[in-house]
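Following: one structure in structure tokens, then a few remarks.
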Amino acid sequence: MRKILVTGALGQIGSELTRGLRERYGAANVIASSRRIKPGHEDLIESGVFEVVNVTDAQQLAETVRKYKINTIVNLAAVLSAVGEENPQRAWNVNMNGLYNVLEVAREENCAVFTPSSIAVFGLLTPKDNTPQDTIQRPNTIYGVTKVAGELLCDYYFHKYGVDTRGLRLPGLISYQTLPGGGTTDYAVHIYYEALKHKKYTSFIAQGTKMDMMYMPDAIDAFIQLLEADPNKLIHRNAFNVTAMSFAPEDIAASIKKIIPEFELDYAVDPVRQAIADSWPNSMDDSAAREQWGWEPKYDLDAMTKDMLAKLKARL
Ligand code: AKB
């Protein structure tokens with residue numbers, strides 16, 4: 001039976017993945033953790049065990065793993081692309097030293113490790129369309145640098161120590177429960193909130209900028225599917241390209257207009273986030289994930305828009 005520790009459990013992915021994991025493995029077997037208790041997450045904190053764990057504190061992390069006899073660590077604690085550029089030293093500390101601590105305790109306590117990577121591992125030299133699984137990775141953000149190094153470090157721990165490491169190269173994730181915390185793809189979440197509240201949105205990403213995206217229910221399925229995948233079939237353990245759709249701001253606006261015809265989009269481009277978006281793929285090739293563990297998303301842009309607006313409306 002899996003006994004799972006989720007780090008960064010109160011973030012955008014963690015708040016939904018923890019619930020998904022508790023449904024599948026039982027609430028008592030999924031320990032949620034975060035570096036601090038954040039208001040608004042009482043449901044999640046009270047629906048199972050919760051611990052304050054800072055991944056940069058190796059001792060606190062190891063004590064928690066031993067206390068609950070953890071055998072799987074899902075490491076979601078990370079500083080994202082846009083906030084990473086504001087404080088690269090903090091991004092390195094959380095993303096790299098945190099991951100190193102996770103891998104070390106996994107090696108000592110015999111745990112599997114699941115750490116997401118990102119489209120941010122690619123850069124200006126990477127082929128932009130149908131970006132291959134194995135290709136040039138020369139990112140120019142600190143977030144991208146830590147994610148490439150993280151993929152390599154996870155591969156190293158698998159080959160050197162036999163730690164069962166797995167991961168996905170996630171695109172921008174769209175969800176209605178918890179807001180994302182400082183990424184470049186966040187506009188694709190904010191646009192839905194503003195569409196419902198004000199029927200207009202000012203995008204910090206320019207017209208024509210395509211990026212890979214995915215609706216959160218598909219991402220949760222992808223996590224659990226890869227966690228459960230037959231290890232003998234996994235050639236790329238730590239860095240599977242996965243995507244569900246690729247769109248630019250005007251495409252998501254057109255999809256929203258089908259449901260809210262008065263919706264209007266304009267632009268006030270943020271040069272920092274635009275430069276990051278310009279360095280990322282337009283669309284990735286995720287055939288390796290499809291072939292090796294059966295990845296198949298359920299939501300396209302219009303299906304996501306319909307569900308997202310309905311769920312968010314009920315919430316707001
Ligand atoms: C970000 O925009 O930083 C993240 C990501 C694509 O990894 N959403």
Side-chain angles (χ1 to χ4, degrees), residues 7-8 10-17 74-88 90-92 94-96 98-99 114-124 126 128 131 137 139-151 154 167-193 203-206 209-216 218-220 222-223 238-249 252 269-284 286 289 297 304 308:
T7 72
L10 304 186
Q12 188 202 12
I13 304 175
S15 57
E16 295 193 43
L17 182 59
V74 177
N75 179 37
L76 303 178
V79 174
L80 296 186
S81 57
V83 284
E85 291 311 296
E86 286 162 22
N87 190 343
R90 178 166 170 263
W92 179 269
V94 175
N95 298 6
M96 285 318 303
L99 176 61
F114 195 106
T115 296
S117 185
S118 161
I119 51 172
V121 295
F122 300 117
L124 290 166
T126 306
K128 274 194 103 53
T131 302
Q137 293 178 263
N140 54 13
T141 61
I142 190 68
Y143 177 63
V145 169
T146 63
K147 287 295 172 187
V148 175
E151 288 182 0
C154 288
L168 302 162
R169 280 185 193 137
L170 289 172
L173 296 181
I174 291 116
S175 63
Y176 56 88
Q177 289 194 10
T178 303
L179 281 168
T184 303
T185 56
D186 296 9
Y187 90 87
V189 179
H190 298 159
I191 195 169
Y192 287 111
Y193 281 77
S203 173
F204 58 76
I205 293 296
T209 311
K210 282 195 182 289
M211 284 184 277
D212 282 297
M213 302 278 178
M214 189 185 294
Y215 196 32
M216 190 61 89
D218 275 332
I220 303 304
F223 269 90
N238 290 303
F240 281 99
N241 285 2
V242 280
T243 183
M245 58 194 100
S246 160
F247 59 73
I252 189 170
V269 173
D270 167 15
V272 174
R273 284 179 287 190
Q274 184 61 39
I276 297 174
D278 287 340
S279 75
W280 290 355
N282 294 332
S283 64
M284 283 189 296
D286 62 3
M304 172 175 80
M308 182 77 185

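Just so it is clear, the values below take in all heavy atoms, side chains as well, and ignore hydrogens, waters and symmetry mates. Counting begins at 1 with the first residue of the sequence. Start at 1 and go down the list; that is how both ligands and their atoms are numbered.
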If the cut-off is 4.0 Å to any non-hydrogen atom of Trp280, which atoms of ligand 1 fall inside it? 1 (C), 2 (O), 3 (O), 6 (C)
Atom 5 (C) of ligand 1: nearest protein contact (heavy atom, Å): Ser118 OG, 3.5 Å
Just to confirm my output: which protein heavy-atom neighbour is closest to atom 8 (N) of ligand 1, and how far is it? Thr185 OG1, 2.9 Å
Enumerated ligand 1 atoms positioned under 4.0 Å from heavy atoms of Leu80: 3 (O)
Any non-hydrogen side-chain atom of Ile142 less than 4.5 Å from a side-chain atom of Glu85? yes
Considering non-hydrogen atoms of the protein only, which is the closest contact for atom 2 (O) of ligand 1, and what is the distance? Thr184 N, 2.7 Å
Note, Ile13 side chain near Met216 side chain (heavy atom, < 4.5 Å): yes
Within the 6.0 Å centroid threshold, strictly below: Phe223 and Phe114: yes
Would you check if the side chain of Thr141 reaches a backbone N or O of Ser81 as a donor-acceptor pair within less than 3.5 Å? no
Is the backbone N or O of Asn282 less than 3.5 Å from a side-chain atom of Ser246, with the two atoms forming a donor-acceptor pair by type? yes
Without hydrogens or angle criteria, can the side chains of Ser117 and Glu151 be said to hold a donor-acceptor pair below 3.5 Å? yes
Which ligand 1 atoms does Ser81 reach within 4.0 Å, using its non-hydrogen atoms? 1 (C), 2 (O), 3 (O)
Using a heavy-atom cut-off of under 4.0 Å, does the side chain or the backbone of Ile119 touch ligand 1, or both, or neither? side chain
